[in-house]
Amino acid sequence: MSDKDFAKLMEIAKESIEAAKTMSKKEAIASLNRAGIVTKKGEFTKNYPALKAHSKRK
């Protein structure tokens, strides 16, 4: 990956973080669902057992 590609990737990541700060819960779940991290109901998919376990800790 070139320095230019890396810089663009970092710019996209920063924009995504800023957008996430103002997302509603519904928008956040939809975004994580599109990424394959959670189901439409907001449950973690089988590919993320560590996140599921961590979310149940109090």
Side-chain angles (χ1 to χ4, degrees):
M1 177 181 297
S2 70
D3 289 343
K4 185 177 178 181
D5 292 335
F6 181 75
K8 183 64 177 173
L9 184 60
M10 291 302 293
E11 180 182 330
I12 292 168
K14 287 177 185 178
E15 290 170 0
S16 295
I17 290 169
E18 287 303 313
K21 291 179 181 179
T22 60
M23 280 184 185
S24 68
K25 183 177 179 179
K26 188 175 182 177
E27 290 171 325
I29 290 172
S31 177
L32 292 170
N33 177 256
R34 286 190 301 273
I37 298 169
V38 300
T39 65
K40 287 184 179 182
K41 293 183 178 181
E43 300 291 326
F44 287 104
T45 61
K46 65 181 179 179
N47 297 324
Y48 296 92
L51 289 176
K52 184 176 183 177
H54 181 67
S55 71
K56 291 185 178 187
R57 292 193 307 171
K58 291 186 178 184

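We use all heavy atoms of the structure for the numbers below, so side chains are in, but hydrogens, waters and symmetry mates are not. Just so you know, these numbers come straight off a predicted model, no measurement behind them.
Under a cut-off of 6.0 angstrom, the local environment of CG in Asn47 is crowded, with over 12 non-hydrogen atoms contributed by other residues, nucleotides or ligands.
Ser2 contributes atom OG, which lies 12.5 Å from atom NZ of Lys8 (distance to the nearest 0.5 angstrom). With rounding to the nearest 0.5 angstrom, the CD atom of Glu43 is 9.0 Å from the CD1 atom of Ile29. Distance NZ/Lys52 to OG1/Thr45: 9.5 Å, rounded to 0.5 Å.
Under the side-chain contact (heavy atoms from CB on, under 4.5 Å) test applied with Leu32, the options Ile37, Thr39, Leu51 reduce to a single match, Ile37.
Taking 4.0 Å as the cut-off between side-chain N and carboxylate O, Glu11 and Lys14 do not count as a salt-bridged pair.
In this structure, Glu27 and Thr22 approach most closely via the heavy-atom pair OE1-O, 4.2 Å. Between Gly36 and Tyr48, the shortest heavy-atom distance links the atoms O-CE1, 3.7 Å.
A donor-acceptor contact shorter than 3.5 Å links the side chain of Ser16 to the backbone of Ile12.
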